[in-house]
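Each chain gets a letter, A, B and so on, in the order its sequence line appears, and its residues count up from 1. In this text, all values refer to a predicted model and were calculated from it rather than measured experimentally.
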Amino acid sequence: MSYNPSEIEKKWQKIWAESGAFEPSDNQNMPKKYILSMFPFPSGRLHMGHVRNYAIGDAMARYYRKQNYNVLHPIGWDAFGMPAENAAIKHGKHPKEWTYSNIAYMRGELNSLGLSFSKDREFATCDELYTKWEQEFIIKMFNEGLLYRESTTVNWCEDCHTVLANEQVEDGCCWRCDNPVTLKEMEGYYIDILKYANELLEDLELLRGKWPNQVLAMQENWIGKSQGLEFEFKLTDSSIDRLNREFKGFKVFTTRPDTIYGVTYTALAPEHPIVKALIKNELLDIDTIKAIEKISNMSEVERAKAGKEGYNLGIKVIHPLTKEEIPVWVANFVLISYGGGAVMSVPAHDERDFEFAKEYDLPIKYLISGYEEGLPYTGDGELINSYEFSNIPNQEAKRAIIELFEKEKLGKSTINYKLRNWGVSRQRYWGAPIPLVHCKSCGLVAEKLENLPITLPEDVVISGEGNPLENHPTWKECLCPKCGAKAIRETDTLDTFVQSSWYQFRYATNPKKWKEVGIDKSDVEYWLGVDQYIGGIEHAILHLLYARFFTKALRDLGFIDDLKEPFDRLLTQGMVLMNGAKMSKSKGNTVDPDKLISKYGADTARLFILFASPPQKELEWNDSAVEGAFRFLKRLYDRKSKVTTKSIPTINHSSLSKEEKFARVKVYEALEKSINVYEKTFAFNTLIASCMEALNGLDRQKNSLVWSEGLYIILHLLEPITPHICSELSEELFSSSNLKGKIEIIDEVFIQDTITLAVAVNGKRRGEIEINSNASKDEIISNAKSRVEKWLRDKSIIKEIVVPNKLVNIVVKG
RNA sequence: GCGGAUGUGGUGAAAUUGGUAUACACGCUAGACUUAGGAUCUAGUGCUUCACGGCGUGGAGGUUCGAGUCCUCUCAUCCGCACCA
């Protein structure tokens, strides 16, 4: 009978499903491995990126199960989010129904790939039980001041009709729909991730060597720590009067205190309170007000593209050291979200300040030697024109000037981060409700824990206009958990990245406890950190930063015991390409996993994906290479008639022929390679190639014992990659569908009677010799010399080098 | 601009500590079997040369008996961030 993947695969999937073979043991004395692939959003269908992600994770999980580890390999659904609402608007289907029916379909797809996920631990983040515990965490965060409400400038996506966190703005556009993001003043909820900025930065060191450098670098840049000086510019008396005595000055932050004597103007962001006051009180002329308002309405990207623009505000501050009066401008390049929205401007030594000064003809004062007249100089040098700091190297002056400010109580050494607090409110329906209540007398109050979960109403109209929870006739009406008076429920829902920030702990929690507890501390202690996390690079900042933060925050809130990092090792898989471009529906270059499986079977799909490229690299799709993978499996299946023993046979190696010995060498080379691949490099492509070589080697000989041993080992090595065919064949041939434990490597196999050595003259390969493996060095050299005699003629030999088992190099001159 | 990565046949890619460059696969060429072949099997396949040979891991140097691998410089491509003061 020839290879029939659909029959074999159905059979084994049924056996696995019925036996519960992939449920982890409750025995926490066993050595464990937690293998986690990032969970999918239930969009409706799996794509090749998913297949790749899960093929990699599954190979690892199956490998460790074979090595008798207790393996946790769970799957679930990142189920809240905009697309469910968009589908509701488009097709009139309720988001809940849409989501759960997608999950049902995709669960079937995962199953048809033969993935060894734990079924008992599967959940969707929109399950009310999941929401319940998440809301408890949020309440705890609120009580501890880690979650707060604030009115500030936010990123707004008009298309999604919601606020976005800073991390969710890519190139000035919404990460999900690519619509340009605008800035808007709005109330919302924030999680104080900045409180953990330094820990998030420093703990990256714990991940060095275990996470890709690229991801570590991206996180480091995103956190963006910088050390500098913060001080206040005091307004002149007349300026204070002009501002109706509402302000006395404003704070600025600088990383270049060494250039303090070169300040020739200061600049405020258009959203700065002083600017707002000037506008409100109509203290600027009408054209200027209009121009500033125009800038305010622009996104950061638009402002950057527009070039430098600003207006003199007609007020002045006093230089803290020289006491000179310095003009205050409003400028489009000053960001309200960083350093208080105000800067000291040193055009001589800052490119942006320089550009602005040129535009408005402001003075430029050079302070650091090495500059070129007419250009900004940002390099190092000795200070000039800097009073007592002149002639000092500027890096030294930085420290000295900060000391001076601190001594004179003018300012202080400060650390600033680029990272912003995490805005988690979304003005949408399909998300976890924020469990807070607005009470007229008590203010903002947390729900009682016994009232959790606060669930979504089912009877909503989803039109795309406004927030469906806000528009619901009765849902938001509630009683104040504190005073019992009538109150209003919060109608914002949580960012979906909140759900994916703690799912790794939920999986680890024994499902028998899911109703009683959100996260079980001892289960987490046993299973975490995740030994291997696998996912796309697109989450390098977003999800991975949030999940790292949540781990630290949940620890400090007492929900988990000491744990610094959730994911010990991270593998970022490469994209799946077709004709050099990322597979996408809009480009029409996708391959449908379902069709692939029905044509060739899951084993072929998995084999091709792992063979075509190492997991970290991009994978170029190639239909005929898929055929090749299928051919290999067919060939493997056809060779089953060669096996004559029911278990791994004992072989008298020395009695074998050359071809038989060669076959065994290839088989054992593959076995040797497998450990390194499964545990360290994940270069499954090279392991598969070794198995192919082994099969090719076996094909060149006829010894049935060598065949039996060879196929036993190959099936063993490939089982994590192509589990169905390997289970089928090993059941049929070796009465064991469950290849467990280690196979001992037989050193004898690698010992050869004769060895082939390359012979080189001056490092250039000129031929090879076959020689008895215990030949002396002199024998080898004389043998080698006669082989390359032609190249030695009329030359004098300077040196003879023998590299054992590799080559002979003869160095000549003349 | 800053940061991270990658450059090897026609293609996807291999190559412990520096030690026979191109394993394995795709494609291609020729042949066998076949009514047929997009099935299967066999042989060949880096470039160049009639040949001996020469040249070959983006480029240029260097270290070494020996460099894809180590060092210096350089070019190209990709990715991320980007007025963060």
Using the [atom1] atom as the reference point in each nucleotide, state the distance between [N] and [M] in Å, no decimals.
{"N": "U22(B)", "M": "G12(B)", "atom1": "C1'", "value": "13 Å"}
{"N": "G37(B)", "M": "U20(B)", "atom1": "C1'", "value": "40 Å"}
{"N": "A82(B)", "M": "U77(B)", "atom1": "P", "value": "23 Å"}
{"N": "C55(B)", "M": "A43(B)", "atom1": "P", "value": "32 Å"}
{"N": "C52(B)", "M": "C47(B)", "atom1": "P", "value": "16 Å"}
{"N": "G54(B)", "M": "A5(B)", "atom1": "P", "value": "39 Å"}
{"N": "G10(B)", "M": "G61(B)", "atom1": "P", "value": "24 Å"}

So what does [X] hit on the nucleic acid, given a heavy-atom distance under 4.0 Å: a base, only sugar-phosphate, or nothing?
{"X": "Val334(A)", "answer": "base"}
{"X": "Lys617(A)", "answer": "sugar-phosphate"}
{"X": "Arg420(A)", "answer": "nothing"}

(request) For A21(B), give its Watson-Crick or G-U wobble partner with both distances under 3.5 Å, or none. (result)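 Partner of A21(B): none.
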
(message) What I want to check is whether an N or O donor and acceptor connect the side chain of Asn221(A) with the base of C81(B) at under 3.5 Å.
(response) no

(message) Whether the side chain of Lys418(A) and the base of C81(B) hold a donor-acceptor pair under 3.5 Å is what I'd like checked.
(response) no

(request) Kindly state whether the ring of Trp422(A) and the ring of Phe497(A) have centres lying under 6.0 angstrom apart. (result)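 That pair fails the under 6.0 Å test.
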
Below the 4.0 Å mark, does [N] have OP1 or OP2 next to a side-chain nitrogen or oxygen of [X]?
{"X": "Ser690(A)", "N": "A23(B)", "value": "no"}
{"X": "Arg631(A)", "N": "A25(B)", "value": "no"}
{"X": "Asn332(A)", "N": "C83(B)", "value": "no"}

(message) Under 3.5 Å, is there a donor on one side chain and an acceptor on the other for Asn4(A) and Tyr637(A)?
(response)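 There is no such pair (donor and acceptor under 3.5 Å, judged by atom type) between the side chains of Asn4(A) and Tyr637(A).
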
(message) Do Ser613(A) and Glu620(A) pair up side chain to side chain, a donor and an acceptor below 3.5 Å, judged on atom types alone?
(response)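 On atom types as modelled, these side chains do not qualify, holding no pair under 3.5 Å.
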
(message) Judged by each residue's nearest nucleotide on RNA chain B, which is more toward the 5′ side, Ser337(A) or Met218(A)?
(response) Met218(A)

